[in-house]
Amino acid sequence: MTPRAPISATGLRAAATARLAAAGVDSAAADATWLLGHVLGVEPGRLLLVDEVPAEARRTYEDLIARRGERIPLQHLTGRAPFAGLDLEVGPGVFVPRPETELLVEWAVTECAARTRGPIPVADLCAGSGALALAIATAVPSVEVVAVERSDAALEYLRRNVAAQPPSVAGRVRVVAGDVTDPQTWERIGACELIVCNPPYVPAAARVAPEVAHDPADAVFSGADGMALIEALVPRFRAALPPGGAVAVEHDDTTAGPTVTAFTAGGGFAEVTSRSDLSGRPRFVTARRTGAARAPDAGVQGWNP
């Protein structure tokens with residue numbers, strides 16, 4: 001067998017980029033670069049210095065490129081997901097955090113900065129890999145976060161990601177296994193002044209990218225209109241938050257209006273605000289609790305993805 005000609009990192013990456021682009025991957029160049037850095041153990045910015053890729057590394061890389069071309073998420077191939085400066089473990093069975101959700105972290109940090117008394121109790125609902133909980137705990141030393149997740153598979157990633165943080169962060173994040181619509185789960189959450197939630201919110205019949213199909217369905221879809229869990233949670237928020245407490249909920253591109261309505265229709269919230277991401281798409285809604293806390297409305301327990 002004739003040995004394969006040596007190839008530089010630049011040449012290998014260019015061929016991989018073309019292959020991924022042909023497969024319909026929007027981020028072909030970035031993914032080709034990230035995967036090559038992953039295989040070689042080199043920062044992406046230093047790949048220009050790699051004159052020749054060893055044969056074994058080349059085979060590994062080309063296999064990963066083939067799998068990425070099948071639209072397996074990049075994060076499943078590397079087993080890692082960057083989020084708000086963190087490096088999280090992810091894979092099949094847990095929702096892969098998206099960069100857009102980092103906006104909830106920014107909102108939470110700003111909210112915490114306005115609170116002079118600590119510790120500040122925060123709840124991260126539908127925590128998945130722990131992206132929001134850990135990012136907030138890392139950015140704000142005065143918070144104590146409860147991360148709530150019901151999926152056994154996701155809980156494994158969540159617990160490992162918490163354990164991987166410095167003790168100064170991990171010691172302020174408590175994991176609760178439970179359904180966020182269950183009153184008993186809320187008893188275990190306890191008091192909270194701030195709630196962040198990136199719930200399943202995609203309408204059941206919506207077409208999603210091939211990569212999204214690799215996320216757990218019950219972490220993506222939420223009823224016919226995508227609002228099933230959000231509508232079930234708003235009464236829980238109303239009951240749990242003290243006056244002045246605040247909540248942020250991510251939602252589907254198409255449901256900013258219904259999410260705002262869910263907060264305004266039952267009363268108890270002010271400053272209900274629809275917020276957009278950097279591309280101008282409506283991304284999440286925030287609200288502030290007014291008046292006295294009260295029991296949640298009847299009939300909200302349980303939801304169908």
Side-chain angles (χ1 to χ4, degrees), residues 38 72-99 101-102 104-105 108-109 112 119-201 211-212 214-222 229 233 236 240 247-250 303 305:
H38 170 72
I72 296 173
L74 173 70
Q75 297 87 348
H76 283 196
L77 298 177
T78 64
R80 316 298 302 181
F83 183 84
L86 301 174
D87 180 38
L88 302 173
E89 181 182 350
V90 296
V94 69
F95 184 81
V96 174
R98 271 57 168 182
T101 304
E102 294 182 12
L104 268 74
V105 178
V109 170
C112 290
I120 304 168
V122 178
D124 173 18
L125 309 182
C126 308
S129 64
L132 284 171
L134 293 171
I136 294 168
T138 299
V140 187
S142 59
V143 301
E144 293 181 351
V145 187
V146 179
V148 187
E149 176 56 53
R150 74 173 188 172
S151 162
D152 290 339
L155 281 164
E156 290 296 320
Y157 289 100
L158 173 57
R159 291 185 175 114
R160 288 199 294 269
N161 283 324
V162 171
Q165 306 310 308
S168 60
V169 174
R172 292 183 289 109
V173 179
R174 176 167 59 94
V175 175
V176 168
D179 186 328
V180 293
T181 64
D182 187 340
Q184 293 183 346
T185 298
W186 283 93
E187 291 176 6
R188 296 166 63 200
I189 292 172
C192 50
E193 293 182 21
L194 214 62
I195 297 173
V196 292
C197 182
N198 182 17
Y201 56 65
E211 288 82 358
V212 177
H214 290 270
D215 284 317
D218 63 357
V220 175
F221 301 102
S222 185
L229 184 53
L233 279 174
R236 299 289 173 200
V247 55
V249 181
E250 190 165 324
W303 61 282

* Asked: What is the minimum heavy-atom distance between A81 and V96, and which atoms define it?
  -> CB-CG1, 4.4 Å
* Asked: Where is the tightest heavy-atom contact between V173 and A147, given as atom of each residue plus distance?
  ->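 That closest heavy-atom pairing would be CG1-CB, 4.4 Å.
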* **W186 (side chain) donor-acceptor with V180 (main chain) under 3.5 angstrom** =>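 Pair found, side chain donor or acceptor close to backbone of V180.
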* **R172 (side chain) donor-acceptor with S168 (main chain) under 3.5 angstrom** => yes
Drop me the distance from [X]'s [atom1] to [Y]'s [atom2], to the nearest 0.5 angstrom.
X: R236; Y: L229; atom1: CZ; atom2: CG; value: 11.5 Å
X: S151; Y: E156; atom1: OG; atom2: CD; value: 9.5 Å
X: T185; Y: E149; atom1: OG1; atom2: CD; value: 11.0 Å
X: T101; Y: F95; atom1: OG1; atom2: CZ; value: 6.5 Å
X: N161; Y: R159; atom1: CG; atom2: CZ; value: 12.5 Å
X: Q75; Y: H214; atom1: CD; atom2: NE2; value: 11.5 Å

Do [X] and [Y] make a side-chain contact, defined as non-hydrogen atoms from C-beta onward lying under 4.5 Å apart?
X: L125; Y: I189; value: yes
X: P121; Y: L194; value: no
X: C126; Y: V148; value: no
X: E211; Y: L74; value: no
X: R150; Y: D218; value: yes

* Asked: Among I195, L233, V196, whose side-chain contact (heavy atoms from CB on, under 4.5 Å) with V247 holds?
  ->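 That would be I195; it is the only one of I195, L233, V196 passing the side-chain contact (heavy atoms from CB on, under 4.5 Å) with V247.
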* **By side chain to side chain donor-acceptor pair (under 3.5 Å) - contacts of E102 (at least two apart)** => none
* Asked: How would you list all residue pairs meeting side chain to side chain donor-acceptor pair (under 3.5 Å) that involve residues 119-134, not counting sequence neighbours?
  -> none
* Using the side-chain contact (heavy atoms from CB on, under 4.5 Å) rule, take L155 and V175 through it: C-alpha gap first, then chi angles, then the decisive distance, then the call. => CA-CA 8 Å; L155 281 164; V175 175; 3.8 Å; yes
Please tabulate, for side-chain N and O atoms in residues 83-94, each donor-acceptor pair with protein atoms closer than 3.5 Å (sequence neighbours left out).
from	atom 1	to	atom 2	distance (Å)
D87	OD2	R80	NE	3.2
D87	OD2	R80	NH2	3.4
E89	OE1	R160	NE	3.1
E89	OE2	R160	NE	3.1
E89	OE2	R160	NH2	3.1

Distance-only donor-acceptor pairs under 3.5 Å for side chains of residues 136-144, two or more places apart:
from	atom 1	to	atom 2	distance (Å)
T138	OG1	L134	O	2.7

* To do: Using the test salt bridge (Lys or Arg N to Asp or Glu O under 4.0 Å), find all partners of R98 that sit at least two apart in sequence or belong to another chain.
  =>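 R98 satisfies salt bridge (Lys or Arg N to Asp or Glu O under 4.0 Å) with D215 once adjacent residues are dropped.
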* Applying salt bridge (Lys or Arg N to Asp or Glu O under 4.0 Å), which residue pairs with at least one partner in residues 127-142 are found, sequence neighbours left out? ->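 For residues 127-142: none.
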